[in-house]
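Predicted, not measured: the structure shown is a model, and the values here were computed from it. All residue numbers refer to positions in the sequence shown, counting from 1.
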Amino acid sequence: MNKPETIEDFYQNKFKFLPDNLQNGVGHFNVFKLEDCLRDDHKPMSYNRRDYYKICLTRGHNVYHYADKSIEINGTALIFFNPLVPYTWELASGKQSEVTGYFCIFTEAFLPERSAETLAICQCLPMEENLHTF
């Protein structure tokens with residue numbers, strides 16, 4: 001398996017820059033509009049682990065691949081990803097214009113120490129329990 005995608009890799013691959021405050025040691029949190037990351041000039045998301053957490057609210061027809069499973073969703077979904085499980089997703093409709101949403105990424109260092117227990121619980125849950133459709 002490839003090494004996990006770092007948060008620096010994420011910014012370089014999607015936006016070709018690194019935020020100034022990325023390496024200041026206080027953790028990192030950022031929110032993105034999904035459509036801004038789906039432009040034709042961006043590389044597709046590789047099937048890999050990441051070294052950061054991700055919460056994604058999407059609307060559209062998508063297939064999420066994680067570990068050795070795949071889930072197809074046509075509608076709105078709220079999904080939680082953690083650094084322990086490799087994942088990717090693809091447009092089931094094949095049309096970027098039909099997918100909308102937002103996602104946030106954050107490092108474990110972003111949360112206070114007392115929240116480490118919450119992250120540990122999230123890491124134990126399979127994706128099916130972290131997937132909420134509306």
Restricting to non-hydrogen atoms, name the atom on Gly101 and the atom on Glu35 that form the minimum distance, rounded to 0.1 Å.
O-OE1, 3.3 Å

Please enumerate all residues that pass side chain to side chain donor-acceptor pair (under 3.5 Å) together with Asp9, with sequence neighbours excluded.
Thr6

Of all residues at least two apart in sequence or in a different chain, which pass the side-chain contact (heavy atoms from CB on, under 4.5 Å) check with Ala92?
His61, Val63, Glu72

Has Asn62 got a side-chain atom pairing as donor or acceptor with Trp89's backbone, closer than 3.5 angstrom?
no

Exercise: identify the closest heavy-atom pair between Tyr53 and Glu108:
OH-OE1, 3.8 Å

Suppose we screen for salt bridge (charged side-chain N to carboxylate O under 4.0 Å, His left out). Which residues come up paired with Glu98, at least two apart in sequence or across chains?
Lys95

For Ser70, the side chain to side chain donor-acceptor pair (under 3.5 Å) test, sequence neighbours excluded, returns His65

With Phe29 via side-chain contact (heavy atoms from CB on, under 4.5 Å) - residues at least two apart
Val31, Cys104, Phe106, Phe110

Could you list the residues that satisfy side chain to side chain donor-acceptor pair (under 3.5 Å) with Gln12, not counting sequence neighbours?
none

Please report the interatomic distance NE2(His28) to CZ(Phe10), rounded to the nearest 0.5 Å.
8.0 Å

Any residue meeting side-chain contact (heavy atoms from CB on, under 4.5 Å) with Arg50, in chain and number order, not counting sequence neighbours
Glu5, Met45, Ser46, Asn48, Tyr52, Tyr87

Quick one: CD1 on Ile73 to CD1 on Ile79, what's the gap to the nearest 0.5 Å?
4.5 Å

Between Leu84 and Asn82 the two heavy atoms that sit nearest each other are N-OD1, 2.7 Å

Where Thr58 and Leu34 come nearest, the two heavy atoms and their spacing:
CG2-CD2, 3.7 Å

For Phe32 together with Phe15, are the ring centres under 6.0 Å from each other?
yes

Can you name the side chain to side chain donor-acceptor pair (under 3.5 Å) partners of Asn74, sequence neighbours left out?
none

Between the side chain of Tyr47 and the main-chain N/O of Ala67, is any donor-acceptor distance below 3.5 Å?
yes

